[in-house]
Amino acid sequence: MQPRITAKVICTDREVGEVSYVIADPIAKSVSHLVIKADGRESVVAIDGLIAGCTEREVRLTCASGALAAASAPFRRDDFVTIHDVEIPHLERNLDQVTPGGVLVPLPVLEKDLSRRQFFTRFTNVIGAMLALPLVFPVVRYLIYPLYQPFTNLWIKLGAINAMGQEPGVPKLFKFQKTVLEGYITRHYEKSHWVIKLTPELRDKIYPNGDHEFRDDKGTLIWVNKKDADIAVLSGKCTHLGCAFRWRKHKRFGQVFVCPCHLSVFDPSGTVLDGPAPRRLDVLPLKISGSGEVEIIDMEFKAGKAEQVRIA
Ligand code: FES
């Protein structure tokens, strides 16, 4: 039997639809089922003993439409593949009259179980990952541990307070060496901050709310800069992008800090007068040791942010 796709399917009492696929039995090498399309729905019917006659245009059945409906099952395309996909040449030769692509064979059971196999593959991977975790975790923790070390808050000596000038409001640059452990590498930097002798006006500008508290991210108090201190230390990093700035005479603002990178201008208290800097210069924790050394905690804050975000 070589039914054509779109051939009409006619029962003893009426036409019931048209052939949309034929399903072949790869072992018997012949058609075993028809897929009949009617009213937009497709159903599968076993044709054994049902065929009364078959031409290119119609397939006549030996049963009434009611009996056919009872014997049919819903068609699920995913349960079948075309014979071209699975390459069954003897079957293709046997059914060469059927429109190409119209002959299906049932999907092998193992292929149908693909999702279940995938599940077992993934399940095996998860088990493997769980077994590997106790080995990998200590290594990962060892590698990333330095990144999550709390800030050290070490006091660093900047220099003798006697080394700065006597003139209030005139800052002096103090350079120092800083040793930093970055991951597992120790680096040495030369850094600099500005120390300024305070006038009442500068005090009010630097400490508008009185004594200035420094706290860690958990809110624990680290240090308090007293407003009535003689000096203050301003970070040497511009708050725009972190460049070093200079103490210069400016045509418009007089003696100020000028950052050469993008021309931010700060007054002696660190307040922004001009340029793209998003916040005032950062004030650092400061103390004077018994021997007259200016000591600081060399805090670093994220550049380019209006608020202070500590990064070191
Ligand atoms: S880094 Fe100072 S103005 Fe841009």
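These figures come from a predicted structure and were not determined experimentally. Indexing begins at 1, ligand by ligand and atom by atom, following the structure's order.
The aromatic rings of Trp194 and Phe245 sit parallel, their planes meeting at an angle under 30°, below the 60° perpendicular limit. A perpendicular orientation is assigned to the rings of His212 and Phe214, their planes being inclined by more than 60° (bins at 30° and 60°).
Of all atoms in ligand 1, numbered sequentially from 1 with element shown, those under 4.0 Å from a heavy atom of Cys259 are 1 (S), 2 (Fe), 3 (S). Each of the following atoms of ligand 1 lies closer than 4.0 Å to a heavy atom of Ser264: 3 (S). Annotation for ligand 1: atoms under 4.0 Å from non-hydrogen atoms of Cys261 are 1 (S), 4 (Fe). Here is the list of ligand 1 atoms found below 4.0 Å of a heavy atom in Leu241: 1 (S). Every atom of ligand 1 with a heavy atom of Cys243 under 4.0 Å away is listed here by number and element: 1 (S).
Among the backbone and side-chain atoms of His262, none of the N, O or S atoms lies under 2.8 Å from atom 2 (Fe) of ligand 1. Taking backbone and side chain together, His240 holds an N, O or S atom under 2.8 Å from atom 4 (Fe) of ligand 1.
If you look at Tyr21 and Phe80, their ring centroids are not closer than 6.0 Å.
Taking CG of Leu61 as the start and CG of Leu34 as the end, the distance is 7.0 Å to the nearest 0.5 Å.
Looking at Met299 and Ile222, their side chains come closer than 4.5 Å, going by heavy atoms from C-beta outward. With a 4.5 Å cut-off on side-chain heavy atoms, Phe266 and Cys238 count as touching.
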